[in-house]
J.: 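For reference, the structure I am asking about is given below.
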Amino acid sequence: VSFLKNTLGGSTRVLGIGNFKVDKTSSVTERVAVIESFTTTNDYYAQDLDIQRFLINKKAKWGQKSIGYVYRGSMYFV
């Protein structure tokens, strides 16, 4: 959240439980954080590469296969 505060002006974080199916018979349930940030289109595009780099670094640090983010209603994965 500090990164988004400094980059885009602020954010909101909500902790929860997420799950997904691995195959037809098994699933994974894990703790998740949903983080939202609002900014102008111009400010987002000015920081787009920094945001992607930040997410890629977090993905590696947290040992995730991917991290998803939503921009203007479309979901992207890094």
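Note that this is a predicted model, so its numbers are computed, not measured.
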J.: Are any non-hydrogen side-chain atoms of Ile56 and Lys58 less than 4.5 angstrom apart?
T.: no
J.: Report, one line per pair, each donor and acceptor closer than 3.5 Å where one atom sits in a side chain of residues 42-54; sequence neighbours left out.
T.:
| residue | atom | partner | partner atom | Å |
| --- | --- | --- | --- | --- |
| Asp43 | OD2 | Thr40 | OG1 | 3.3 |
| Tyr44 | OH | Asp48 | OD1 | 3.0 |
| Asp48 | OD1 | Gln52 | NE2 | 3.1 |
| Asp48 | OD2 | Gln52 | NE2 | 3.3 |
| Asp50 | OD1 | Arg53 | NH1 | 3.1 |

J.: With a 3.5 Å cut-off and sequence neighbours excluded, list the donor-acceptor pairs that the side chains of residues 64-78 form with protein atoms.
T.:
none

J.: Name each donor-acceptor pair under 3.5 Å that joins a side chain in residues 3-28 to protein atoms two or more places apart or in another chain, with its distance.
T.:
| residue | atom | partner | partner atom | Å |
| --- | --- | --- | --- | --- |
| Asn6 | ND2 | Ser2 | O | 3.2 |
| Thr7 | OG1 | Phe3 | O | 2.7 |
| Asp23 | OD1 | Thr25 | N | 2.9 |
| Asp23 | OD1 | Thr25 | OG1 | 3.3 |
| Asp23 | OD1 | Ser26 | N | 2.9 |
| Asp23 | OD1 | Ser26 | OG | 2.9 |
| Asp23 | OD2 | Ser26 | OG | 3.4 |

